[in-house]
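Source: prediction; values computed, not measured.
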Amino acid sequence: FFVLGALGSVARRASSRRTMARGSSRGPQAQASAEAGRHGAAAAAASTAEGAAAKLGKLLQRRASRTPSVRRSRSAVGGGGGSAASGSSLGSFWSRMSTRDGKPEVGSLWAFMSKRECQSESETASTAAPETPPLTPSSPEPPDESPASSPPSFWEDGDMHERWEQALAGRSVSELSKEELKVLVQDGMPLKHRLGLWPRWFASMPGAAEGDCTDVCFDELARNVPPDAARQIEADIPRTLPRWLGGAERNALRRLLHAFVGLDPQEGYCQGVNNIAAVFVLLGFDEHTALRGLCSLLRTCCPGYHDRTLRGYRRDSAVLKELAARVLPPDGMRRLEALSVPFDVLAAGHFLSLASDGAFPLIATVRLWDLFLLEGSPAVFASFLALLQLYLPSSEGKSVEQMLPGEVVADDQVEPAVSFKVAVQRGVSEDLEVVLAEIRSLLPQIPLALVEELRGAAGDSTP
């Protein structure tokens, strides 16, 4: 660059002398024209030099930021690992990716999230400003700036985006009917549309929060939090999805949980809510939308689950047991009984955290939530029954080729409940589409009217 710059300077001086020599034989008007031309050329050359210097500076800075110790990891499709901008929420990563003609730039998003070695953190961080502001961290303590140890990858393919663009045909997502949305959601939904559609679904859910989660002051709500609830929240923050949440996200999660508890201090705080709230933080919803979504989701899909007695969850575990007897085949019920684990223990993680406790990849959790938000409580029951249907340990000696992804054969050395848990985690991670298809096949057998009827019967017998 420096040699080329010097040669260019010599060439410009020689050209200037030739021009002046020719101009001396011309009239004053010609000389003035030549002088103006020289000024224009000089300005253009200066602009080009400044641009080259800026590019060179960025290149040197990028190379200087790389070190041999940069951690590299495999980014699996929808996996729980991967490398992303350190300490930033997933929603802001999505918003910062480059675009072209309003569509995601293939070279920036798909290449980054495909199955290959992740780029270094310094390369990932050089993106544009977010469109959707993430939750604003606010805490009386010094802000935690530590990065996430392994931010979640969120792989999306171009075909899915193309399907949505064709279906929209120039319309906004708010103009799509519920029937159209159910068809589109089957093959996944771009995150940018979740940020627009989920708030609409919050507002339309039965039992959703209407006026108590909007236009509220988070700082005032935080002052309503009982001391024992505040201590429990502080204990839960560091252990909430620790691989995925950095310092900024943990500060935002604390603020969201304090506001949630401050809305109803008598209800208090229960573990499980922290994981559900963390998903809204990771996706980059603004804090009022996140609070509204948290309230709506818990009231609709987890009614009474998180009070001090867990009465609502104990009631719904009895409903789940009755639904399993009606939906699962006889062989499935025999395999379920072989687990020798009570229903309220077996399903606790799935129901109390709505599959957000980190056992599944984030993409699996949000796609399950697409169904929960569209279908309500029946989808929560159908999702766990689908896991029982697919991954209960079998003792029939089937070969590996005959088993569905994730299914395991019971081993005398392994507890059946442990085999089931391992099979579920592997199956959801490796073949999410099989699980989602099974859920959709069970939904017609679990209408909301049946769920409410069974809840009424179970409520009378629940202590």
Student: Taking Ser317 for the side chain and Arg314 for the main chain, is one N or O donor matched with an acceptor at less than 3.5 Å?
Tutor: yes
Student: With rounding to the nearest 0.5 Å, note down the distance linking CZ in Arg315 to CG in Leu310.
Tutor: 11.5 Å
Student: Can you tell me how far the CZ atom of Arg254 sits from the CD atom of Glu249, to the nearest 0.5 Å?
Tutor: 12.5 Å
Student: Using a strict cut-off of less than 4.0 Å between a Lys/Arg side-chain nitrogen and an Asp/Glu carboxylate oxygen, indicate whether Arg440 and Glu375 qualify as a salt bridge.
Tutor: no
Student: Could you tell me whether the side chains of Ser377 and Arg455 share a donor-acceptor contact shorter than 3.5 Å?
Tutor: yes
Student: Using 30° and 60° as the class boundaries, would you call the ring planes of Trp369 and Phe280 parallel, tilted or perpendicular?
Tutor: tilted
Student: About how many Å separate CG of Asp357 and CG of Asn275, when rounded to the nearest 0.5 Å?
Tutor: 6.0 Å
Student: Mind checking the CG-CG spacing from Leu221 to Asp264? Nearest 0.5 Å is all I need.
Tutor: 11.0 Å
Student: Quick test of your reading of the model: are Asp331 and Arg334 salt-bridged, counting only N-O distances below 4.0 Å?
Tutor: yes
Student: Step through it carefully: locate the ring centre of His306, locate the ring centre of Tyr313, and say whether they are under 6.0 Å apart.
Tutor: no
Student: How long is the straight-line distance from CD of Gln271 back to CD1 of Ile233, given to the nearest 0.5 Å?
Tutor: 11.0 Å
Student: In plain terms, say whether Lys321 and Asp344 are close enough for a salt bridge, that is, a side-chain N and a carboxylate O under 4.0 Å apart.
Tutor: no
Student: Without swapping roles, check the side chain of Trp244 against the backbone of Val279 for a donor-acceptor pair under 3.5 Å.
Tutor: no
Student: Taking the side chain as everything from C-beta on, heavy atoms only, tell me whether Leu432 gets closer than 4.5 Å to Phe360.
Tutor: no
Student: When you compare the side chains of Tyr305 and Asp316, does any donor N or O come within less than 3.5 Å of an acceptor on the partner?
Tutor: yes
Student: Side chains of Tyr269 and Asp228: do they bring a donor and an acceptor to under 3.5 Å?
Tutor: no
Student: Is the closest side-chain donor-acceptor distance between Trp198 and Asp370 under 3.5 Å?
Tutor: yes
